[in-house]
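Here's the structure we're looking at; comments come further down.
In what follows, every chain begins at residue 1, and chains take the letters A, B, ... in the order their sequences are listed. Remember, predicted model here, so these are calculated numbers, not experimental data.
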Amino acid sequence: MLSTTIRLLMRSGTLIRPIITTVRPLSIKPTLINFNEKRKTLINEIPRRWSHVHYTYPMIESRVMLLLRLFDKIDPNSLKLDSKFVQDLGLDSLDIVEITAALEDEFWTEIADVDSDHFLTPRHIIQYLCDKYDIYEHIEAVSAGKEYLEEAKAAADRAHHH
Amino acid sequence: MINNLTRFRVLQLYKRIIKLSHSWQSINHPLKTSEEQLYIRNEARELFRKNQHVNNLNEIEEHIREGEARIELACHYKNPYPRPVNLPTYSLPPNHNRIRFKSEYEIEDISRPIYLKSYETKEDIPDNEEQLKTDKS
C-alpha cells in the first residue's frame, strides 16, 4: 500500500501537496518522502483538508438550492430547479455575479466569468458543478449500441434476401 | 451603446469588490472588520444599481475608473470609506435659505474627484426667478 502512494507522488512530481487517497495502516512506520531536493516531509504531515469529501449529485443539489434560498432577493417558495433567474425570479446580472461569488466560496473553486454568463437556471449551475467534479450518476445511460445493432441486423436481412 | 466588453469589465469590477470584501481585515479598528466588510458590499450594491441606467460609454468608463480608484484608495489607506473633500474655492456651503446659482453647482461638479463621482447631487436646479417667487410665497 505504501508503494502505491509513493508511485502516486512520483507521478505527480509537480504537485507540492498531492491528494492521497490510500489509507495508511498504523502498523507501518512513517517514512520520509522527497518531492524535490529542498523539502522532506513525513507522509502524515501532508495536509488533506477536503480530499476525503465525496461529492455526489444530491449533496451538490441540496447545497446549491440552500445557497439560493438564503439569497435575500429570491423568494424561497417560488424557487425550483428550472426557474430562470432573469425572467421568473427577477434577478439582475449583478445578482448573478453575487451568486457566483457565493458559490465560489461554498465550493472552494474558481468560476470564470465566461461560465457564469451561461447560468440561467439552478439546473445549469448544478450541471456545471457536476462536470467540474466528474459526477455522472444522475445522467441516464443511453445505450447507442442497441439501435446500431438493430440497423445492422436489418441491413444484413435485406442483403440476405436480395 | 453598451458592448459586451464594457459589460464584462463592469461585472469583473463588481466581483473584485465582493472578493475584496470577503478578505478585508480592518487594521485601524480591528473590532469593526465585519462592519467594514458589510459597508463595502452594501456600498458597491447601492452605487452599481444607482448607475445601472447610464448609457453613455464615456460615463461608464469614468464610473469604472471611479470603482478602481475606490479599491486602490481602500487598499492603500486601509480605509474603505471615501476620503472627505473640501469645498471648491469661491463657493459657499449649501444652505436652504440662500439662493444657489447654477454656476455653483457646475463648479462643484467639476471640482469633485473621480472617486466621488457617484455621489453627485443631481437635484433640479431651479431658475433664479422661480426661486425668488417661491421665497416670496
Q. Are A:Ile99 and A:Leu120 in one and the same hydrophobic cluster, where Ile, Leu, Val, Met, Phe, Trp and Tyr link if side-chain heavy atoms are under 4.5 Å apart?
A. no
Q) Is it true that atom NZ of B:Lys50 has more than 12 heavy atoms of other residues, nucleotides or ligands lying nearer than 6.0 Å? A) yes
Q: Taking all heavy atoms of A:Leu94 and all of B:Tyr14, pick out the closest pair and write down the distance.
A: O-CE2, 3.3 Å
Q: Heavy-atom distances under 4.5 Å only: say whether B:Gln12 touches chain A with side chain, backbone, both or neither.
A: both
**Q.** Closest approach of B:Arg7 to A:Ser93 (non-hydrogen atoms, all atoms of both residues)
**A.** NH2-CB, 3.8 Å
(Q) For residues A:Ile74 and A:Leu66: do they belong to one hydrophobic cluster (side chain heavy atoms under 4.5 Å, members Ile, Leu, Val, Met, Phe, Trp, Tyr)? (A) no
Q | Crowding at NZ, A:Lys132 (>12 non-hydrogen neighbours, <6.0 Å) | A | yes
Q: Flag yes if A:Val86 and A:Phe71 sit in one hydrophobic cluster, no otherwise; membership is Ile, Leu, Val, Met, Phe, Trp, Tyr, and two members link when side-chain heavy atoms are under 4.5 Å apart.
A: yes
(Q) When you group the ILVMFWY residues by side-chain heavy-atom contacts below 4.5 Å and let the links chain together, are A:Leu67 and A:Leu81 in the same group? (A) yes
Q. Is the shortest distance from a Lys or Arg side-chain nitrogen in A:Asp113 or B:Arg9 to a carboxylate oxygen in the other one below 4.0 Å?
A. no
Q. Heavy-atom distance under 4.5 Å to chain B: side chain of A:Asp92, backbone, both or neither?
A. side chain
Q. Hey, does A:Glu104 have a side-chain heavy atom less than 4.5 Å from the side chain of B:His22?
A. no
**Q.** Interatomic spacing from CD1 in A:Ile96 to NZ in B:Lys15 - rounded to 0.5 Å
**A.** 12.0 Å
Q. Given a strict heavy-atom distance threshold of 4.5 Å, which part of B:Ile18 is in contact with chain A: side chain, backbone, both, or neither?
A. side chain
